[in-house]
Amino acid sequence: MAAPAIHYRVECVDRNAHLFAVTLTIERPAAQQRVALPVWIPGSYLVREFAKNLQQLQASQGRRKRAPQQLDKHSWQIDCAPGKPLVLRYQVCAYDNSVRTAWLDRDRGFFNGTSLCLRVEGQTDGPHAIEVLAPQLLAPGERWSCATALKPAKVDRRGFGSYLAADYDELADSPVEMGMFWSAEFEACGVPHRFVIAGAPASFDGERLIADTRAICETQMRFWHGDKVGKRGGSKPPHDRYVFMLNAVDDGYGGLEHRHSTALICTRRDLPQLAVKKQPEGYTTLLGLISHEYFHTWNVKRLRPAEFARYDYGQENYTHLLWLFEGFTSYYDDLLLRRAGRIDDTGYLRLVNKTINQVLQAPGRLVQSVADASFDAWIKYYRQDEQTANTTISYYTKGALVALCFDLTLRAEGKGSLDEVMRLLWKKSSGGPIDEAAFAAALEAVGGRSFVEEIASWVHSTEELPLADLLRSHGVVALEDPAQRAQELGLRVAEANGSVQVKMVLRGGAAEQAGFSANDEWIGIELGASKGHKAQGWRLGKLDDLALYLGPLKKITALVARDRRLLRLPLTLPGDVTTWRLAAQDPAKLTRWLDPQ
């Protein structure tokens, strides 16, 4: 790698004020050098306007100050003498404790390059260097460390110092974690991995997490590259290192994938606990998140939509293929947990059941195709409101069910599986950009026939998926149970402190027909006189109270408060709304699907 002509120095200038200070040195600037901060981060499809956190931008060449001229919301131009080093200094307010941006306080520092590092226009393809300095004025006994997947150039034993990136894309794709975090290292199929956790409680069982994570990583490497991966004569995985960065908080969940790392956030109660035989239910969810983000190492970070062959950091990057890259990853994250032995068949079916009901209970599936939902991610999925469930469908959940349908169809026809399709896509593209035609060609190559009709029906239309028939052919039956009260009424509510707050009214449901609206407070119910009972009114504390007060009655008057007005809404309970419950009917068939080995 050539000597970097772009160098960043990052300092924790004021942890109480949540301020990073960045010094950017451009060795050979253009006469009118432009710099810009990304408006979004790949993997999270929303324009987040990171430049809103940048302040006090100054520029100089030697002793001569240069005045940056702002061109638009996220870019600047500096008129300067070409060839003479240009130095920019600025601060970034880091107060977003998510995986997408930057955070700094007394206990922890974290940042993505897209939030801190200005792009030097015209020089983004060359090597970049970044120096991360340890914070000053730490309390006695407080010793911070630094973790990142960037390749070290000159770092101390705690990880602070200089790192190298091949280009701006790699710099932007390599988050940095700082603080007094828990850390452990392990190998998976010969590849060194590291897991760091901020905020882990004393009850945290690190050995359990590492054992489970190693099993997930090795299962996925073998999925993509065969049993000899990492061994002599076997294929090599695309990454030679990997870092998991987990922020454990009181309430949170999410992850963001990168080529050699992932940033995760979870509720600390969901971490595995020492001396506990039955781990928290949320621990399986955490393992599913780890599995999901690690699968992205192949599917979306390397094998990716053709539209993402080169990111445009200044605006939205549209694709109709998120159902393939996020949805299929959502299918395999849980399936590979099962193959890694972290859950059993019953646990896996429970997760599939949850996904199916999430899709079937979203009226938006009949309004928008999963391909169009992918394209509209920028304005719908990442900007959810009271009508989201009625107007769109998640490309994660429906995309996972599309993958399920393709997999079970291929297996039922005896010509292969979706596993082989994914591996063929990897091989044909050399782990690079693909389009929908490439996916269709891989399906045909594995399945021995065209799948154009299935793609049109399952991906590009709002037709229902043939889930019940395909599951039955693999030993699983779909039973119908009465829906929970909220789903029966077509509502999504929040219940707290004896109050029922309406969050969403689902299209076509009983609540919509009665006139309910999002943001209503459902205060109580009125019952007309009936045999043996006079007219009554009851305060409603939670939806389950309805069973107590109604008995066999189906028609009531709902009392709601809307914008301080009290309304009486005539409500008829339908009583015929059901939900799916999957059950294994033929365990042998089920096992052949879940664990082909």
Side-chain angles (χ1 to χ4, degrees), residues 251 281 350 353-368 380-381 383-394 397 462 464 478-581:
D251 185 21
E281 288 187 12
R350 188 181 301 117
N353 202 151
K354 180 180 178 181
T355 301
I356 291 174
N357 282 329
Q358 285 176 332
V359 172
L360 293 181
Q361 293 167 8
R365 78 186 190 282
L366 304 175
V367 175
Q368 188 176 48
K380 291 194 174 182
Y381 184 82
R383 289 179 175 168
Q384 297 196 13
D385 57 27
E386 296 84 356
Q387 288 298 317
T388 295
N390 295 325
T391 59
T392 188
I393 190 65
S394 167
T397 52
T462 57
E464 298 283 26
L479 307 175
E480 290 190 346
D481 288 339
Q484 293 183 346
R485 185 67 74 180
Q487 188 61 33
E488 176 193 16
L489 296 172
L491 286 174
R492 294 184 183 176
V493 302
E495 300 174 338
N497 302 318
S499 174
V500 179
Q501 297 288 336
V502 176
K503 295 300 183 182
M504 195 173 295
V505 180
L506 300 181
R507 188 70 47 78
E512 183 187 60
Q513 295 172 15
F516 277 81
S517 180
N519 302 314
D520 284 350
E521 180 185 3
W522 192 350
I523 297 173
I525 58 173
E526 290 180 341
L527 309 178
S530 61
K531 185 176 181 180
H533 298 280
K534 63 179 182 179
Q536 303 175 35
W538 295 97
R539 182 79 164 83
L540 199 64
K542 53 184 184 293
L543 287 187
D544 285 346
D545 290 344
L546 289 174
L548 173 66
Y549 299 137
L550 296 185
L553 296 178
K554 294 295 182 182
K555 294 186 176 182
I556 61 174
T557 298
L559 306 178
V560 305
R562 181 183 304 163
D563 192 28
R564 297 290 182 177
R565 292 184 300 146
L566 295 179
L567 305 176
R568 286 179 166 83
L569 305 179
L571 175 65
T572 301
L573 278 67
D576 57 353
V577 180
T578 60
T579 186
W580 279 31
R581 175 168 56 87

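- Counting heavy atoms from C-beta on, the side chains of Thr557 and Leu571 never come closer than 4.5 Å.
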Derivation and outcome, side chain to side chain contact (heavy atoms under 4.5 Å, CB included), residues Asp563 and Asn519: CA-CA 9 Å; Asp563 192 28; Asn519 302 314; over 6 Å; no
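- A 6.0 Å sphere centred on NZ of Lys554 holds more than 12 heavy atoms belonging to other residues, nucleotides or ligands.
- Taking the side chain as every heavy atom from C-beta outward, Trp522 and Leu543 approach each other to under 4.5 Å.
- In this model, a donor atom of one side chain and an acceptor atom of the other lie less than 3.5 Å apart for Gln368 and Thr392.
- Without hydrogens or angle criteria, Gln361 side chain to Gln358 main chain gives no donor-acceptor distance under 3.5 Å.
- Of all heavy-atom pairs spanning Thr572 and Lys555, the tightest one is OG1-CG, 3.8 Å.
- Within the 3.5 Å criterion, the main-chain N or O of Val500 finds no donor-acceptor partner in the side chain of Glu521.
- Side-chain contact check for Glu488 versus Leu573: some heavy-atom pair is nearer than 4.5 Å.
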Stepwise side chain to side chain contact (heavy atoms under 4.5 Å, CB included) test for Glu464 and Arg365: CA-CA 8 Å; Glu464 298 283 26; Arg365 78 186 190 282; 2.7 Å; yes
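- In plain terms, the two heavy atoms of Val502 and Ser517 that are nearest each other are CG1-O, 3.6 Å.
- Remark: Glu526 CD is packed, more than 12 non-hydrogen atoms of other residues, nucleotides or ligands lying under 6.0 Å away.
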Stepwise side chain to side chain contact (heavy atoms under 4.5 Å, CB included) check, Asn353 with Trp580: CA-CA 7 Å; Asn353 202 151; Trp580 279 31; 4.0 Å; yes
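- Considering only heavy atoms from C-beta on, Leu491 stays 4.5 Å or farther from Leu506 through its side chain.
- Of all heavy-atom pairs between Leu569 and Val560, the closest is CD1-CG2, 3.8 Å.
- You'll find the side chain of Leu559 stays beyond 4.5 Å of the side chain of Leu540, heavy atoms only.
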Working for side chain to side chain contact (heavy atoms under 4.5 Å, CB included), residues Leu550 and Ile556: CA-CA 8 Å; Leu550 296 185; Ile556 61 174; 3.2 Å; yes
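- With values rounded to the nearest 0.5 angstrom, Arg565 atom CZ is found 9.5 Å from Asp520 atom CG.
- When only modelled atom types and interatomic distance are considered, Ser499 and Gln501 share a side-chain donor-acceptor pair under 3.5 Å.
- The closest donor-acceptor contact from the side chain of Asn357 to the backbone of Lys354 lies at 3.5 Å or more, if one exists at all.
- Side chain of Asp545 to main chain of Gly541: a donor-acceptor pair is present (N/O by atom type, distance under 3.5 Å, no hydrogens or angles).
- Nearest approach of Pro482 to Thr579, heavy atoms of both residues: O-CG2, 3.9 Å.
- Remark: Arg568 CZ is loosely packed, at most 12 non-hydrogen atoms of other residues, nucleotides or ligands lying under 6.0 Å away.
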Verdict with supporting geometry, Arg581 and Glu480, salt bridge (charged side-chain N to carboxylate O under 4.0 Å, His left out): CA-CA 6 Å; Arg581 175 168 56 87; Glu480 290 190 346; over 6 Å; no
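- When only modelled atom types and interatomic distance are considered, Gln487 and Arg492 share no side-chain donor-acceptor pair under 3.5 Å.
- Side-chain atoms of Tyr549 and Ile525, non-hydrogen and from C-beta on, do get closer than 4.5 Å to each other.
- Smallest separation of non-hydrogen atoms from Arg507 and Asn390: N-OD1, 2.7 Å.
- The two residues Ala518 and Lys503 have their closest heavy-atom pair at CB-O, 3.7 Å.
- The OG1 atom of Thr355 sits 13.0 Å away from the CZ atom of Arg350 when rounded to the nearest 0.5 Å.
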